[in-house]
Amino acid sequence: MAEASHGIGGLTFDTSKRSLPPEAGVAIALVLIVVIFELLGRLLMNDSFLFNTRENVDGLFNVARLQIIILQVSIIGIIALGVTQVIITGGIDLSSGSIVAATAMIAMSFAQVGEINGLENTRAVFFEQGLVDLPVILPIAVGIGCGLVAGLINGLLVAYTGIPPFIATLGMMVSARGVAKWWTAGQPVSFPTESYAAIGAGMMPVFIFAFLAILFHLILRHTVYGKHTYAIGSSEAAARMSGIKVARHKVLVYTIAGLLAGVAALVLSSKNLTAQAGMGMMYELDAIAMAVIGGISLQGGRGSILGTVLGAMIFGVIISGFTFLRLDAYYQEMVKGAIIVGAVVLDQWRQRRAAIGK
Amino acid sequence: MASDIQTNLSGAEAPKSDTQLGDVILRTKGLTKHYGGVHALVDCNFEIRKGEHVAIMGDNGAGKSTFVRQITAVEQRTAGKVWFDGQYVEFDGPLEAREAGIETVFQTLALADHLDVPDNLFLGREKTRFDWLGPFRVLDYKGMREATRQGLEKTGVKIPNLSNTIQYMSGGQRQCVAIARTATFHSKLTIMVEPTAALGVQETEQVENIIRTLKEQGEPLILISHNMRQVMDLCDRIVVWRRGRVVANLRKEETDGQDVVAYITGAKTQPEYADAA
């Protein structure tokens, strides 16, 4: 159907004037930011941001830096995969950070060792019940279950009470944080079993992030679930009239978002070897920011997992870049904020341009 | 004929039509819808036969759209009976009505802006593979594209590029996409709500040509329109609604524009519907 055939009213269509996919713009931005850091590095630090400059190490690129760039965003990236789907339906999820904390606390307490340096670990949450040195599958199941339940509650609230997703997930954000504190009366949970600590060890978070990103990219592109997610965000009325069970679908989307927050909690607590009630603070906003930078429209119906992954990369590059330039973290946050706003302004400008057919 | 209308689609006992259905594709008896205290549709009896094109006319708020929403199961009726295609039906939702063969082009078009043409045509009943995956069953993009092309050909609709999202399409093109849905799914009854209300002259003509094509192919159609010329051109019969009730059932040959207007405004009411006025 590539031929420019005559449409209704003699309209024609010029296939050569197809606009680039929105992800292309994000990718270009990513490259530009890397180039800026590279130039600044050469000018100010007399060092390369991207390339290997050490003589005792082989290789073209600074592999250690590249690893850190991805590693530091992969956990929030996992959350962002779920948040992306929620935003595509036209909703929002503010609760992911708190779900991470609550889930990490609860899951970690099922993953504690019984003995530390030959002494009994009497501070383990379930020490008296004898629930120590459990097989790793149990805390994993508990963690995924916690995230799933929290997401399910979000979904039921959004789909069946008619309250805005902002309010429903704000409630969950506050409540889940409460659960995280209540679970051990504010005490951190530490000393996980070796098998639990392996979940987030080394580059594991990156592999888990990459696997889930590919999985959900395929799901959004190639399954009925994905198509309906876009349809609901594009026009909820149209989706309903087409017979899509909108409420049920929303419950599913929020549940998946909660589940992914649960996975992030497992990876994070395993990586840190501890769980605290205050962990995951502001993760929800970072996850939303990644999605928004990646071209996901907050009005719904538009965006992709690929965009979110690129958005996460931009995040990682900025954090690493500022560290590389030895600038304070304050500047990092200031610039991060500006980039979030800038991304949305650029995206809307691009949309308008597309609308007037430029 | 009488024997095959005693069961509904799921095979359960169901009310029998008190008149022979014969080639009646859709029949309603006493169809009623209340929105709280508002009686939007009152005791509506309606019939359409196979191959027939029937226009529904009436002022705003007369109950036309409410009637459509009841028979397409976008809403659930307060009271009344509906027979479709020889069987008593109680659809649970719009998807069930569509699967049974009632295809509706709504005034709001029910299209998702960010999806392309095949996606919109198949929205809610996608062609899929690996159905055991439940909601994660895999879309058959190729099959849907092919069926879309055939549906468009059948109606004579030309869309320059199928894989473009429809958000920047003209009103006429969007209307054509919506209408092409009916052709793609071999519907038994097509309902169009104000299909040309927002269209230009040329686009209106194209849509009317599509409707004529449906007529030639013997597809029954319920057309809701305010456009008297269009109704007179395209339909066999005109049913007039007023304040939630049917007030006239007119054959095209026995009436004219002024006559219909008199029924719409309330200047006239057919004797058999006198209690409605």
Taking B:Arg137, B:Arg69, B:Glu205, B:Arg98 one by one, which has the highest count of heavy-atom pairs under 4.5 Å against chain A? B:Arg137
If I take atom CD1 from residue A:Ile244 and atom CD from residue B:Glu126, how far apart are they, to the nearest 0.5 angstrom? 6.5 Å
If I measure from the heavy atoms of chain B, does A:Leu252 come under 4.5 Å with its side chain, its backbone, both, or neither? side chain
What residue, out of B:Leu95, B:Leu139, B:Val74, has the most heavy-atom pairs lying under 4.5 Å from chain A? B:Leu139
For the side chain of A:Ser234 and the backbone of B:His114, is there at least one donor-acceptor N/O pair under 3.5 Å apart? yes
Does atom NZ of B:Lys215 have more than 12 heavy-atom neighbours from other groups under 6.0 Å away? yes
Does atom CZ of B:Arg129 have more than 12 heavy-atom neighbours, drawn from other residues, nucleotides or ligands, at distances under 6.0 Å? yes
Crowded around B:Lys81 NZ? As in, over 12 foreign heavy atoms under 6.0 Å? no
Once you round to the nearest 0.5 Å, how far does CZ of A:Arg302 lie from CG of B:Asp113? 11.5 Å
I'd like to know whether CZ of A:Phe211 has more than 12 heavy-atom contacts from other residues, nucleotides or ligands below 6.0 angstrom. no
Measure across A:Tyr230 and B:Leu115 and return the closest heavy-atom pair with its distance rounded to 0.1 Å. CB-CD2, 3.9 Å
What class does the angle between the rings of B:Tyr141 and A:His222 fall in, given that below 30° is parallel, 30 to 60° is tilted and above 60° is perpendicular? perpendicular
CG-NZ distance between B:Leu123 and A:Lys227, expressed to the nearest 0.5 angstrom: 9.5 Å
Pairwise side-chain contact, A:Ser235 with B:Leu111, heavy-atom cut-off 4.5 Å (strictly under): no
Give, for atom CZ of B:Phe136 and atom CD1 of A:Ile256, the distance between the pair rounded to the nearest 0.5 Å. 4.0 Å
Taking side chain as C-beta onward, heavy atoms only, is B:Thr128 less than 4.5 Å from A:Val224? yes
